[in-house]
Amino acid sequence: MQTNIHHTEVQGQDNSVKRTIAEIHGKAEGPTLIFFGGMHGNEKAGVYALKDALKCINPKQLNGSIYAIAGNLKALERDLRYIDADLNRLWTTANIEAIKNKAILNHEEKELLKLLSLLEDILNKNSGPFYFFDLHTTSSKTLPFITINDALINRKFSRLFPVPIVLGIEEYLNGPLLSYINTLGYVSLGFESGQHLDAQSVENNIAFINLVMHYTGAFRINKKDKIAHYNLLEEESKSLNQFFEITHLHKINSEDSFKMKEGFDSFQKIQKGVEVALSNKASIYSNHNGLIFMPLYQKKGAEGYFIIRTIRPFYLYLSVFLRRIKIDNLLVWLPGISWQNKEKGVLRVNLNVAKFFVKPIFHVLGYRNRQITETHYNLYNRERVAKTSVYKQQPWY
């Protein structure tokens with residue numbers, strides 16, 4: 001079946017959205033693809049793209065199953081990022097257990113429980129392999145890009161798309177949906193298709209969705225359309241098909257009055273000392289050289305801006321080798337480091353003893369940190385929980 005690329009307007013569309021945007025089961029066995037759109041209610045491009053890209057899929061030509069799920073329904077109707085709390089910052093194991101035991105829930109907590117029940121139902125009813133994709137847009141102008149938790153299966157699948165790939169966001173954001181899914185070991189990618197109200201964001205999402213279906217073997221698109229979708233993403237990303245990592249986040253407190261200076265786009269070069277924002281009427285200057293990433297140009301949000309830098313290919317190749325031989329088993333021989341949970345790949349690090357261990361070493365080995373007390377932090381490794389063996393027989397691996 002031919003899938004035509006065509007222009008879709010973001011503004012002026014119907015705001016009414018059902019939880020299940022699409023559910024399609026193929027006649028043949030195959031992967032299970034789960035797409036999320038509208039986890040933030042002012043990011044509708046993913047919802048529109050899912051409706052468009054999946055409306056003509058013939059189950060007879062589909063291998064496996066496809067689910068397209070809307071996230072924050074009331075926020076989507078009201079065109080708000082969220083109602084009471086950021087739905088894409090609630091997905092930690094501890095927080096989920098706390099929500100289950102609460103007597104009174106806010107809107108996003110209710111949404112989380114509904115989404116969690118649906119997610120568990122999908123995992124129980126399907127055999128996989130499972131793939132998860134969370135579709136977003138940003139408040140600033142941006143190239144399309146992918147964010148991943150740093151597991152090698154995520155890296156390998158992400159490389160199929162001609163867009164920038166950003167590692168390490170889980171180290172700076174607490175509770176994104178995809179970080180929770182990564183603890184389950186599945187391939188999961190975040191795709192940021194562009195600016196909120198830019199119609200091109202819908203087109204970028206449509207291209208991404210079609211390529212996902214093609215690469216996973218769920219639905220083979222013809223060669224002409226595959227090339228067109230690929231070329232579209234390559235052109236929109238200005239051929240910036242590289243890996244990046246986050247080096248800095250300016251966090252906004254709830255009481256802060258934050259205003260980003262106008263004129264910054266994601267992936268724009270920035271020099272140390274450049275004024276970037278006003279916080280409580282005081283100027284904020286970049287303390288890093290690099291690329292500015294996701295500057296905040298909306299009222300709601302706790303992340304003012306990030307700074308990212310390119311990862312040298314040598315370190316990417318080195319990390320693949322060291323992870324495959326599981327050299328991280330030797331880390332617990334070092335002072336101040338012990339297993340918090342070896343099965344789940346969680347190390348506990350005493351900051352007073354292990355001050356001389358720098359982040360890049362842990363990053364190469366696949367560990368991202370989360371400080372838990374003034375003296376300790378936990379390091380989380382996605383490789384130890386990744387279901388790599390499940391994906392080795394897939395056409396893209």
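In this text the structure is predicted, and so the values were computed from the model without any measurement. Throughout, residue positions are numbered sequentially from 1 according to the sequence presented.
Between K74 and E111 there is no salt bridge, since no side-chain nitrogen of the basic residue lies less than 4.0 Å from a carboxylate oxygen of the acidic one. Under 4.0 Å is where a charged nitrogen must lie from a carboxylate oxygen, and between D328 and K342 no such pair does.
Residues W91 and M39 have side chains in contact (heavy-atom distance under 4.5 Å, counting atoms from C-beta outward). No side-chain heavy atom of Y305 sits less than 4.5 Å from a side-chain heavy atom of F293. Side-chain contact check for Y82 versus K300: some heavy-atom pair is nearer than 4.5 Å. Annotation: side chain of I66 is not in contact with side chain of E23 (no heavy-atom distance under 4.5 Å).
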Would you please test S179 and E170 for side-chain hydrogen bond (donor to acceptor under 3.5 Å, both in side chains) and show each step?
-> CA-CA 7 Å; S179 290; E170 74 269 26; 5.7 Å; no
Full working for side-chain hydrogen bond (donor to acceptor under 3.5 Å, both in side chains) between D225 and H214 = CA-CA 10 Å; D225 286 337; H214 183 78; over 6 Å; no
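Y367 and D150 share no side-chain donor-acceptor pair at under 3.5 Å. In this structure, a donor-acceptor pair under 3.5 Å is present between the side chains of S188 and N182. Looking only at atom types and distance, the side chain of E108 has a donor-acceptor partner in the side chain of N72 under 3.5 Å away. In this structure, a donor-acceptor pair under 3.5 Å is absent between the side chains of T183 and R382. Side chain to side chain, N205 and S193 meet the donor-acceptor criterion of an N or O pair below 3.5 Å. One side chain, H136 or D134, offers a donor N or O that lies under 3.5 Å from an acceptor on the other. A donor-acceptor contact closer than 3.5 angstrom links the side chains of N42 and Q298. With no hydrogens or angles considered, a side-chain donor-acceptor pair links Q200 and N204 at under 3.5 Å.
Among residues two or more places apart in sequence or in another chain, the ring pair (Phe, Tyr, Trp, His ring centres under 6.0 Å) test is passed with Y297 by none. With sequence neighbours excluded, the residues satisfying side chain to side chain contact (heavy atoms under 4.5 Å, CB included) with R159 are F243, L316.
The only option from E192, H196, Q195 that meets the side-chain hydrogen bond (donor to acceptor under 3.5 Å, both in side chains) definition with T137 turns out to be H196.
Atom OH of Y397 has more than 12 neighbouring heavy atoms from other residues, nucleotides or ligands inside a 6.0 Å radius. More than 12 heavy atoms of other residues, nucleotides or ligands sit less than 6.0 Å from atom NZ of K100. Within a 6.0 Å radius of CZ in R309, no more than 12 heavy atoms belonging to other residues, nucleotides or ligands are found. Other residues, nucleotides and ligands place no more than 12 heavy atoms under 6.0 Å from the NZ atom of K27.
For F133 and F36, the ring centers are positioned 6.0 Å apart or more.
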Tabulate below the donor-acceptor pairs under 3.5 Å that side-chain atoms of residues 251-260 make, not counting sequence neighbours, or state none.
{"residue": "K251", "atom": "NZ", "partner": "E303", "partner atom": "OE2", "Å": "3.3"}
{"residue": "D256", "atom": "OD1", "partner": "N280", "partner atom": "ND2", "Å": "3.3"}
{"residue": "D256", "atom": "OD2", "partner": "N253", "partner atom": "N", "Å": "3.0"}

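Linking Ile, Leu, Val, Met, Phe, Trp and Tyr whenever their side-chain heavy atoms come within less than 4.5 Å puts V390 and L160 in one cluster.
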